[in-house]
Amino acid sequence: MDGGNTMKISKKVLAAIILVSGIIGFLVVLPVHYALEETSGDKFCVVCHEMDPMVMSYQHDVHSGKGATGTKAKCVDCHIPHDNLAKYVLTKAKNGIVEGYVHFFGDPDSIDWHKNRKNRESYVFDNGCMSCHTDILTTTASSQQAKKMHAHYTKLLNTDKEIKCVSCHTTTGHGGQMRNYLEYYKPTLKIYENKMLGERIKAKQEFFGKDYELSKEEREYLEKNTNKKSGH
């Protein structure tokens with residue numbers, strides 16, 4: 001009898017442990033899932049002003065939801081690896097720490113984004129592309145040239161000559177406009193700084209609305225040009 005009662009008690013304890021563990025797991029996973037979702041898209045990324053050119057140019061691309069299907073890719077869909085969940089979360093956490101530190105304690109305005117674009121193969125992940133474009137390498141709907149290039153891509157996989165999706169699709173995700181927006185923020189030729197500052201203000205007004213907060217440099221530019229127009 002005692003053995004039977006012990007068995008029954010053990011089952012009840014086990015059931016209680018499973019129930020409590022499930023509740024704790026849910027309470028832990030839910031905020032993590034919420035945090036991942038809230039920090040995955042352009043609305044979050046644009047909080048850091050150094051991301052303005054990337055987010056504004058993204059709005060011109062089919063991946064922003066402008067396509068016929070209205071499908072919208074999040075920033076993390078391209079810029080975080082998707083081969084496994086642990087790597088996804090760890091990479092996102094690492095990026096958040098590094099980028100947060102640079103934003104608050106470093107000098108983000110000194111970053112050479114023009115130069116960094118050449119390193120795109122290291123921060124745009126093929127498995128992110130393939131998670132949406134699942135049949136891109138096998139579909140018969142592609143053009144002959146696309147089939148030829150995708151066959152070439154497949155042939156080079158796992159070799160020292162391996163290429164990435166962005167090796168060819170260099171402007172994907174930003175509608176071919178990112179270079180223009182980067183020029184507005186940091187022109188490669190000093191002679192165009194004044195003109196590009198005016199273009200930056202126009203672009204920000206269009207994207208954020210006319211009530212966005214002006215930087216000191218932007219306020220001085222507008223005041224100077226207003227005075228010129230009024231003859232003062």
Side-chain angles (χ1 to χ4, degrees), residues 14-48 50-51 54-55 57-59 61-67 69-106 108 111 113 116-139 142 150 153-175 178:
L14 180 60
I17 292 173
I18 293 173
L19 178 62
V20 171
S21 298
I23 293 172
I24 293 174
F26 176 77
L27 293 176
V28 170
V29 170
L30 185 62
V32 171
H33 173 75
Y34 179 78
L36 288 173
E37 283 295 311
E38 290 299 304
T39 59
S40 293
D42 54 304
K43 289 183 179 179
F44 176 79
C45 292
V46 81
V47 170
C48 295
E50 60 269 24
M51 289 290 107
M54 294 70 169
V55 174
S57 58
Y58 157 79
Q59 299 300 324
D61 194 80
V62 66
H63 290 82
S64 71
K66 288 183 174 293
T69 63
T71 302
K72 181 174 181 175
K74 296 179 180 178
C75 301
V76 296
D77 291 335
C78 302
H79 297 295
I80 298 289
H82 287 250
D83 41 352
N84 65 71
L85 181 60
K87 191 173 181 180
Y88 177 95
V89 174
L90 287 173
T91 302
K92 195 171 191 310
K94 176 185 174 183
N95 288 354
I97 293 171
V98 172
E99 291 165 13
Y101 180 85
V102 172
H103 178 75
F104 290 106
F105 305 107
I111 299 172
W113 292 112
N116 281 353
R117 290 184 66 213
K118 298 176 182 178
N119 303 320
R120 58 186 175 275
E121 293 180 0
S122 66
Y123 55 79
V124 181
F125 296 90
D126 285 9
N127 47 42
C129 301
M130 304 294 184
S131 66
C132 291
H133 302 281
T134 54
D135 66 343
I136 194 65
L137 299 178
T138 58
T139 181
S142 298
H150 289 156
Y153 166 91
T154 304
K155 181 181 179 180
L156 296 179
L157 279 176
N158 302 315
T159 72
D160 59 353
K161 296 181 180 179
E162 182 177 276
I163 59 175
K164 305 294 183 182
C165 296
V166 291
S167 299
C168 299
H169 301 280
T170 58
T171 62
T172 295
H174 297 275
M178 189 158 68

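Because only heavy atoms are used, hydrogens play no part in the values below, and waters and symmetry mates are left out as well, while side chains stay in. Since this is a predicted model, take the numbers as computed values, not measurements.
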For residues [X] and [Y], determine if any side-chain heavy atom of one lies less than 4.5 Å from a side-chain heavy atom of the other.
| X | Y | answer |
| --- | --- | --- |
| M54 | W113 | yes |
| V76 | K92 | yes |
| N95 | I80 | yes |

What's the verdict on side chain to side chain contact (heavy atoms under 4.5 Å, CB included) for E99 and C48, showing C-alpha distance, side-chain angles and the deciding distance?
CA-CA 9 Å; E99 291 165 13; C48 295; over 6 Å; no
What pair of heavy atoms forms the shortest contact from [X] to [Y], and how long is it?
| X | Y | answer |
| --- | --- | --- |
| M130 | C165 | CE-SG, 4.2 Å |
| K74 | G41 | CB-CA, 4.4 Å |
| V102 | P108 | O-CD, 3.4 Å |
| D61 | T172 | OD1-C, 4.1 Å |
| D42 | C75 | N-SG, 3.7 Å |

Should the ring pair H63 and H133 be called parallel, tilted or perpendicular, given that the plane angle runs from 0 to 90° and is split at 30 and 60?
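Rings of H63 and H133: perpendicular, as their planes differ by over 60°.
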Ignoring hydrogens and angles, state whether a donor on the side chain of Y153 or D126 is under 3.5 Å from an acceptor on the partner side chain.
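Judged by distance alone, the side chains do pair up.
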Salt bridge check: are D77 and K72 linked by an N-O gap of less than 4.0 Å?
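K72 and D77: not salt-bridged.
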Between atom [atom1] of [X] and atom [atom2] of [Y], what is the distance when rounded to the nearest 0.5 Å?
| X | Y | atom1 | atom2 | result |
| --- | --- | --- | --- | --- |
| C78 | Y58 | SG | OH | 8.5 Å |
| N84 | K87 | CG | NZ | 7.0 Å |
| S142 | D135 | OG | CG | 8.0 Å |
| D83 | L85 | CG | CG | 10.5 Å |
| H174 | Q59 | NE2 | CD | 10.5 Å |
| M51 | H103 | CE | NE2 | 10.0 Å |

Passing candidate, side chain to side chain contact (heavy atoms under 4.5 Å, CB included) with V124, options T170, V166, N119:
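Single pass found, and it is V166.
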Could you walk me through whether H150 and I136 pass side chain to side chain contact (heavy atoms under 4.5 Å, CB included), step by step?
CA-CA 8 Å; H150 289 156; I136 194 65; 3.6 Å; yes
For the ring pair H82 and Y88, is the centre-to-centre distance below 6.0 Å?
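Yes, ring centres under 6.0 Å apart.
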